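What follows is one structure encoded as structure tokens, with my remarks underneath.
Remember, it's a predicted structure, so these values are computed and weren't measured experimentally.
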Amino acid sequence: MINQQIKDLITQYSDELTALRRKLHSEPELPWEEVQTTQFICDYLDALGITYRRAEPTGVIATIEGQTDGKTVALRGDMDALPVEQLNTHVPYASKVSGKMHACGHDAHTSMLLIAAKALSEVKDELQGNVRLVFQPAEEIAEGAKAMVEQGAMDGVDNVFGIHIWSQMPTHKISCTPGPSFAAADIFRVNFVGKGGHGAIPEDCIDAALVASSFVMNIQTVVSRTIDPQHAAVLTIGRMDVGTRFNVIAENALIEGTVRTFNQETRNHIEKSISHYAQSVAETYGATVEVEYIRGTQPVINDEESAVLVQQVAKEAFGSEIIFAEKPTMGAEDFSFYLDEAPGSFALVGSGNPGKDTEWSHHHGNFDIDEDALATGAELYAQYAWAYLKQFN
């Protein structure tokens, strides 16, 4: 199932792979600002002779055409950084840009996909189909995948595969289980309007702080008392902006939060319940309310056939001990927009190593990866594409 030449090439390019990752890590760019990263990818693909086109405003869509006609499999790697100040500045590849950092591993994803592309380009005469390479911007704000799909990244694609480096899993472990992997992520805003006034004369007022507090204290019962406990859901209030001064009764209260679900019925129920609870609380206290519910990413649900193929490829390439069963996370991933277009799967590649201080959580200023995981991810990208195309011939 796997290609030995690909394995040998990835090993041969391991030093280059590390160098690529370190360069990208030191030069982070935020969502929709990945201009230099996009140019770097284009220059690299030019050197390999791989055809591509730039996406707008950033991102790259490339294709490696095989010798014979067949299916097309897409490989996705994201490239944007976060507005996080790097704390582990002792590393030689630390961010050169204040307040910006690759704190989620997208530098690794881009580097792994570039090296996978290099290996695949050297065996393209044996490829029985095509490999689409999607270098995606703006994952961190859940906008990039949708934009890439709209610009044709998934046109003609039969299957799609993505990887996320994962500090919560040990290095040299791979997890890709059928079914839910990442949750749907939605945003809600609730704006209560009461009647302000002097803090010493509450009888003439409608206290928006009291109204908002009642909502916050009661809304969690939507999850704890109205949803099947077997259907995972998280409802988090992340922001509450109420009042202007210690002796002024608040007239306005803004609440913002997020909802994470895997099940669409559960998602629909929570959206409806937030509006119902908000209206009920407002009426109880004589206030008014406006509710905005914004649907973000879809849940990432791994296709069974694709996930099983990932496991088979991983076992053959690295040994059966590499398989790890990571539980689904309530975190979000806009890879879901690709899965709306074609079946596929999303794998986690472990990079946690206490001896190298790489077990920090994603988005933390001390986040780093065990660079031994890079070759695992690069080979998994390439071997999956090879195996997927091979099975149809």
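Side-chain atoms of Q298 and S336 include no donor-acceptor pair closer than 3.5 Å. A donor-acceptor contact under 3.5 angstrom links the side chains of R245 and N247, judged on distance only.
Atom-to-atom distance recorded for H172:NE2 and F324:CZ is 14.5 Å, nearest 0.5 angstrom. Taking CG from L87 and CG from D368, the interatomic distance works out to 12.0 Å, rounded to the nearest 0.5 Å. Summarising the geometry, atom CD belonging to E85 is positioned 7.5 Å from atom OG belonging to S95; distances are rounded to the nearest 0.5 Å. From C104, atom SG reaches atom CZ of F367 across 6.0 Å, with rounding to the nearest 0.5 Å. Taking OG from S121 and CG from L45, the interatomic distance works out to 9.5 Å, rounded to the nearest 0.5 Å. Of the inter-residue distances, the one linking E379 atom CD with I6 atom CD1 reads 8.0 Å to the nearest 0.5 angstrom.
For CG of D69, the number of neighbouring non-hydrogen atoms (other residues, nucleotides, ligands) closer than 6.0 Å is 12 at most. The number of heavy-atom neighbours closer than 6.0 Å to CD of E304, taken from other residues, nucleotides and ligands shown, is 12 or below. For M217, the CE atom counts as loosely surrounded, since its 6.0 Å shell holds 12 or fewer non-hydrogen atoms of other residues, nucleotides or ligands. A 6.0 Å sphere centred on CD of Q36 holds no more than 12 heavy atoms belonging to other residues, nucleotides or ligands. With a 6.0 Å radius and a threshold of 12 heavy atoms from other residues, nucleotides or ligands, E265 has its CD atom at or below the threshold. No more than 12 heavy atoms of other residues, nucleotides or ligands shown are found within 6.0 angstrom of NZ on K146. In E27, the CD atom is crowded: over 12 heavy atoms of neighbouring residues, nucleotides or ligands sit closer than 6.0 Å. The number of heavy atoms from other shown groups lying within 6.0 Å of NE2 (H276) does not exceed 12.
Transitive grouping of hydrophobic side chains (ILVMFWY, heavy atoms separated by less than 4.5 Å) keeps F346 and I165 in distinct clusters. Linking ILVMFWY side-chain heavy atoms closer than 4.5 Å, directly or via other members, places L380 and Y338 in two distinct hydrophobic clusters. L75 and L374 fall within a single hydrophobic cluster, where Ile, Leu, Val, Met, Phe, Trp and Tyr are joined by side-chain heavy atoms under 4.5 Å apart, directly or via other members.
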Would Q391 and M1 count as a side-chain contact (heavy atoms from CB on, under 4.5 Å) if you check the C-alpha gap in whole Å, the side-chain angles of each, and the deciding distance to 0.1 Å? CA-CA 8 Å; Q391 67 184 338; M1 178 180 295; over 6 Å; no

Between Q5 and E126, does the side-chain contact (heavy atoms from CB on, under 4.5 Å) criterion hold? Intermediate values first, please. CA-CA 11 Å; Q5 186 178 355; E126 302 173 52; 3.7 Å; yes

Can you check side chain to side chain donor-acceptor pair (under 3.5 Å) on Q39 and R54, steps first, answer last? CA-CA 9 Å; Q39 184 61 55; R54 294 171 182 262; 2.4 Å; yes

Begin from the C-alpha positions of M79 and H109 and carry the test side-chain contact (heavy atoms from CB on, under 4.5 Å) through to its verdict. CA-CA 7 Å; M79 63 168 105; H109 304 164; over 6 Å; no

Evaluate F182 against W166 for ring pair (Phe, Tyr, Trp, His ring centres under 6.0 Å), listing each step before the verdict. CA-CA 13 Å; F182 283 72; W166 207 241; 5.7 Å; yes

Verdict with supporting geometry, Y285 and D207, side chain to side chain donor-acceptor pair (under 3.5 Å): CA-CA 8 Å; Y285 290 94; D207 190 348; over 6 Å; no

Given Y293 and D186, is the side chain to side chain donor-acceptor pair (under 3.5 Å) satisfied, shown in steps? CA-CA 7 Å; Y293 193 96; D186 301 332; 2.8 Å; yes

Going through the distances and angles, do Y384 and S306 end up as a side chain to side chain donor-acceptor pair (under 3.5 Å)? CA-CA 9 Å; Y384 178 84; S306 178; 2.7 Å; yes

Start with the C-alpha distance between R295 and E271, add both sets of side-chain angles, then the distance that settles salt bridge (Lys or Arg N to Asp or Glu O under 4.0 Å), and finish with yes or no. CA-CA 9 Å; R295 295 212 170 197; E271 178 180 359; 2.8 Å; yes

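Exactly one residue among I274, I270, V259 makes a side chain to side chain contact (heavy atoms under 4.5 Å, CB included) with V222. That residue is I270. Evaluated for a side chain to side chain contact (heavy atoms under 4.5 Å, CB included) with S345, the options L339, N302, T177 yield exactly one hit, N302. Partner of I64 under the side chain to side chain contact (heavy atoms under 4.5 Å, CB included) criterion, out of T72, V131, V123: V131 alone.
Between the S175 side chain and the A347 main chain, no donor and acceptor come within less than 3.5 Å of each other. Checked by atom type and distance alone, the side chain of Q311 never pairs as donor or acceptor with a backbone atom of I323 at under 3.5 Å. A donor-acceptor pair under 3.5 Å is formed between the side chain of Q220 and the backbone N or O of L235. Proximity of a side-chain donor or acceptor of E139 to a complementary backbone N or O of E333 within less than 3.5 Å is not detected. Of the possible polar contacts, none joining the T261 side chain to the A233 backbone as a donor-acceptor pair under 3.5 Å is found. Between the side chain of E34 and the main chain of W32, a donor-acceptor pair closer than 3.5 Å is present. A donor-acceptor pair is defined here as one N or O able to donate and one able to accept, closer than 3.5 Å; such a pair exists between the side chain of T358 and the backbone of N353. Between the K71 side chain and the N159 main chain, no donor and acceptor come within less than 3.5 Å of each other. A donor-acceptor pair is defined here as one N or O able to donate and one able to accept, closer than 3.5 Å; such a pair exists between the side chain of K173 and the backbone of E321. Checked by atom type and distance alone, the side chain of R260 pairs as donor or acceptor with a backbone atom of M330 at under 3.5 Å.
Considering only heavy atoms from C-beta on, D340 stays 4.5 Å or farther from V149 through its side chain. Within the 4.5 Å cutoff, no side-chain heavy atoms of E143 are placed close to those of D334. When side chains are defined from C-beta on, H363 counts as touching L82, because their heavy atoms get closer than 4.5 Å. You'll find the side chain of D158 reaches within 4.5 Å of the side chain of Y388, heavy atoms only. Residues Q279 and V289 meet the side-chain proximity criterion, which asks for heavy atoms closer than 4.5 Å.
When every heavy atom of H25 is checked against every heavy atom of Y93, the shortest pair comes out as CD2-O, 3.1 Å. Residues S351 and T171 come closest through the heavy atom pair C-OG1, 3.4 Å. Contact between P28 and V97 at its shortest, heavy atoms only, is CD-CG2, 4.1 Å. A pairwise comparison of heavy atoms in T297 and A332 identifies OG1-CB, 3.6 Å as the closest pair. Heavy atoms only, all atoms of each residue included: A378 and L17 are closest at CB-CD2, 4.0 Å. Looking at every heavy atom in both residues, V291 comes nearest to A278 through CG2-CB, 3.7 Å.
Between D372 and R21 there is no salt bridge, since no side-chain nitrogen of the basic residue lies less than 4.0 Å from a carboxylate oxygen of the acidic one. One finds no salt bridge joining E371 and K356 here, because no Lys/Arg side-chain nitrogen approaches an Asp/Glu carboxylate oxygen to under 4.0 Å. With respect to the salt-bridge test (charged N to carboxylate O, under 4.0 angstrom), the residues D241 and R189 do not qualify.
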